[in-house]
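Since the model is a prediction, treat every value here as computed from it, not as a measurement. Numbering of residues begins at 1 and proceeds along the displayed sequence.
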Amino acid sequence: DACVEQARVAVADAERLGVPGFHSQALAMWVLVSFIHGLGFDEQSLRRALELEDPHTAAAATFRASAVAAVTNGWIGHLDAAREQMQKVQRRLLQSGTEIDIVWAANEAAMIDIYLGRYSDAATHADDGMQRAEQMAGRHLMVGLWASQAAIAAYTGQVHEARTAARSAID
């Protein structure tokens, strides 16, 4: 509830400030937070966030409307659009994003490919993300990647690998 309220305040404040990039970021966060909270998919706010997005922003991926569009499209089952959008996000982040954002996008791309049944592609994303996370000693980032690897292994019948990755994520 507190996150939803803070997102509402951020949208109102950003709109009052009149800075398009900030407004886009606040709307993107609102779309994520409200969806996760169970308030549904605010398609209108996402469209507005995409219109206002600064493609050269240094904001974290979760504040970028294009990244939020990719993730939420995956969540609502628009998988082909989600995959295409996430590929664009990944290219942009590889050019000018932080390693944390690149790892985040790799895991989100893996999840979208899992939803699509593209397990080989999902494994490539998860393995790339894991290598990057290991180089940063990013244990928190690795949890999501282990979960993705566990899902990939389970769907492809690799029981031992699935259990090993799942145990790593749980531990």
If the condition is salt bridge (Lys or Arg N to Asp or Glu O under 4.0 Å), which residues does D1 pass it with, not counting sequence neighbours? none

Mind listing the side-chain donor-acceptor pairs of residues 164-171 below 3.5 Å, one per line with the distance, residues two or more places apart or on another chain?
unit_1: T164; atom_1: OG1; unit_2: H160; atom_2: O; d: 2.9
unit_1: R167; atom_1: NH1; unit_2: D171; atom_2: OD1; d: 3.3
unit_1: S168; atom_1: OG; unit_2: T164; atom_2: O; d: 3.1

Check: residues 3-22 side-chain donor-acceptor pairs under 3.5 Å, at least two apart:
unit_1: D13; atom_1: OD1; unit_2: R16; atom_2: NH2; d: 2.6

Enumerate the salt bridge (Lys or Arg N to Asp or Glu O under 4.0 Å) contacts for residues 96-107, please, sequence neighbours excluded, ordered by first and then second residue. E99-R132

Could I get the full list of side chain to side chain donor-acceptor pair (under 3.5 Å) partners for Q158, not counting sequence neighbours? T156

Inter- and intrachain pairs under ring-ring contact (aromatic ring centres under 6.0 Å, His included), touching residues 70-120, at least two apart: F35-W75, Y119-Y155

Counterpart residues, side chain to side chain donor-acceptor pair (under 3.5 Å), relative to S45 (two or more places apart): D42

Output the rest of the hydrophobic cluster of M136: all Ile, Leu, Val, Met, Phe, Trp and Tyr residues reachable through side-chain heavy-atom contacts under 4.5 Å, sorted by chain and number. I100, V103, M130, L141, M142, L145, W146

List for me each residue that meets salt bridge (Lys or Arg N to Asp or Glu O under 4.0 Å) alongside R163, sequence neighbours excluded, and say none if there are none. none

Taking salt bridge (Lys or Arg N to Asp or Glu O under 4.0 Å) as the cut-off, I'd like each qualifying pair that reaches into residues 83-94, sequence neighbours left out, listed once. R83-D113, R83-D121, E84-K88

Can you name the side chain to side chain donor-acceptor pair (under 3.5 Å) partners of S148, sequence neighbours left out? N107

Who are the side chain to side chain donor-acceptor pair (under 3.5 Å) partners of Q90, not counting sequence neighbours? none

